[in-house]
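Computed from a predicted structure; not experimentally measured. The first residue in the sequence is number 1, and the count goes up from there.
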Amino acid sequence: MTSQRAEQLTGAPNPRRAEILGAAAELFARRGYHGASIGDLGRAVGLTGPALYRHFSGKEAVLAEMLLDISERLLAEGVRRAADPDPARALDALLRWHIAFALDNPALITVHERELDNVPEPQRHRVRRLQRAYVEEWVAVLRRLAPGLPDDRTRAAVHACFGLLNSTPRSAAGLDRGAMGDLLHAMARAALEGAR
């Protein structure tokens, strides 16, 4: 039984798969999806390339699972935080969550920006659907804060805010994590308030 099948049956996350996904994110961010081989990925986690096939069917499956996983996590946490009955608190919670994610996962952000087109179409479609749902959580919170704001302006503001927050692979050098988090929070909050 493969580790993926065992994980599906037990519902328990497989730490080895998580380790492979983390190493793949770093490798794909540094070298690009096409610049990293299964052998490179195996060496990064102390396995032979062929041993990786016990965990994933191939490099494409690694990339697809990586981007599906982050999209599912963002949406699940976004739904939870947006549910706060106070829209100002909900927005603050969304900002803090996304900023922490962006600061902690620059390699995933880089891989997503550069490599989504290398994910097979069914999984790519699912990633995009999850991302749209995540955006809509933010849009719903902003609508509660500014009911008269047109939908297209609200959605554009959210996408612009994500552009700022997801700049961490390029912008986070030079400041410590706390200072960068505070700066991103202040700038994103000001940007969203400026849309109203």
By side-chain hydrogen bond (donor to acceptor under 3.5 Å, both in side chains), which residues pair with [X], not counting sequence neighbours?
| X | result |
| --- | --- |
| Arg144 | none |
| Glu60 | none |
| Asn166 | His98 |

Identify the two heavy atoms, one from [X] and one from [Y], that lie closest to each other, and give their separation to 0.1 Å.
| X | Y | result |
| --- | --- | --- |
| Ala107 | Glu26 | CB-OE2, 3.5 Å |
| Pro169 | Ile109 | CG-CG2, 3.9 Å |
| Ala24 | Met66 | CB-CE, 3.5 Å |
| Tyr134 | Leu75 | N-CD1, 3.6 Å |
| Ala88 | Asp86 | N-OD1, 2.8 Å |

So, taking the atom named [atom1] in [X] and the one named [atom2] in [Y], what distance separates them when rounded to the nearest 0.5 Å?
| X | Y | atom1 | atom2 | value |
| --- | --- | --- | --- | --- |
| His55 | Glu65 | NE2 | CD | 11.5 Å |
| Thr154 | Leu149 | OG1 | CG | 3.5 Å |
| Thr110 | Arg30 | OG1 | CZ | 11.5 Å |
| Ile38 | Tyr53 | CD1 | OH | 4.5 Å |
| Leu91 | Leu95 | CG | CG | 4.5 Å |
| Leu52 | Ile20 | CG | CD1 | 5.0 Å |

Flag side-chain contact, heavy atom, 4.5 Å: [X] against [Y]:
| X | Y | result |
| --- | --- | --- |
| Leu164 | Cys161 | no |
| Leu63 | Gln123 | no |
| Ile70 | Phe101 | yes |
| Arg143 | Glu136 | yes |
| Leu67 | Arg124 | no |
| Asp69 | Arg17 | no |
| Lys59 | Leu41 | no |

Donor-acceptor pairs are to be reported for all side-chain atoms of residues 125-133 against protein atoms at under 3.5 Å, with residues two or more places apart or in another chain.
residue: Arg126; atom: NH2; partner: Glu72; partner atom: OE2; Å: 2.4
residue: Arg128; atom: NH2; partner: Asp117; partner atom: OD1; Å: 3.4
residue: Gln131; atom: NE2; partner: His112; partner atom: NE2; Å: 2.3

Name the atoms and distances for all side-chain donor-acceptor pairs under 3.5 Å in residues 178-189, with sequence neighbours left out.
residue: His185; atom: NE2; partner: Asp92; partner atom: OD1; Å: 2.6
residue: Arg189; atom: NE; partner: Glu193; partner atom: OE2; Å: 3.3

Report the residues that fulfil ring pair (Phe, Tyr, Trp, His ring centres under 6.0 Å) with Tyr33, sequence neighbours left out, ordered by chain and then residue number.
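Listed in chain order: Phe28.
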Would you call Asp152 and Arg155 a salt bridge, taking side-chain N to carboxylate O under 4.0 Å as the test?
no
Among Val158, Leu94, Asp84, side chain to side chain contact (heavy atoms under 4.5 Å, CB included) partner for Val141
Leu94
